[in-house]
Amino acid sequence: MLAQLLLILATAALLHAAFSTYEHLSLLKSLGRPAGALPADIVLESLGALALGILGSSLNAPSLRDISWQAEMRTRTIDEVDARPGFTGFVHRGNTLAPRAKA
């Protein structure tokens with residue numbers, strides 16, 4: 001529940017920062033000033049939204065699974081593990097279809 005709330009807050013903060021940026025650039029354009037750097041509060045709001053989003057995504061992620069040979073073998077059968085196509089040959093038609101010129 002907390003993770004989803006953090007993600008919602010991060011989304012809202014990021015949308016607000018985007019709207020504030022648009023309003024700031026519109027104000028500069030109407031005053032005839034060249035577009036410069038963004039105000040510090042918009043930058044801090046964007047970075048705060050990024051931090052909230054990362055924290056919310058980390059808390060919302062499922063728990064990590066065990067990666068080991070035993071854990072993998074629980075999900076596979078012996079036929080899947082021991083299937084070795086050793087009899088397969090890939091160079092059996094090449095000489096017939098395109099013989100090489102002898103020097």
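Note that the structure is predicted; figures quoted are calculated from it, not measured.
H24 meets the side chain to side chain donor-acceptor pair (under 3.5 Å) test with no other residue; sequence neighbours excluded. With sequence neighbours left out, S68 forms a side chain to side chain contact (heavy atoms under 4.5 Å, CB included) with D66, Q70, A71.
No continuous path of ILVMFWY side-chain contacts below 4.5 Å connects L50 to L55, so the two sit in separate hydrophobic clusters.
When all heavy atoms of S20 and E45 are compared, the pair lying nearest together is OG-OE1, 4.4 Å.
A distance of 4.5 Å separates CG of L31 from CG of L27, quoted to the nearest 0.5 Å. To the nearest 0.5 angstrom, I42 atom CD1 is 13.5 Å from Y22 atom OH.
Applying the 6.0 Å contact sphere to CD1 of I67 captures no more than 12 heavy atoms from other residues, nucleotides or ligands.
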Anything under 3.5 Å between a donor and an acceptor, one on a side chain of residues 3-15, the other on a protein residue two or more places apart or in another chain? List them.
unit_1	atom_1	unit_2	atom_2	d
T11	OG1	L7	O	2.8

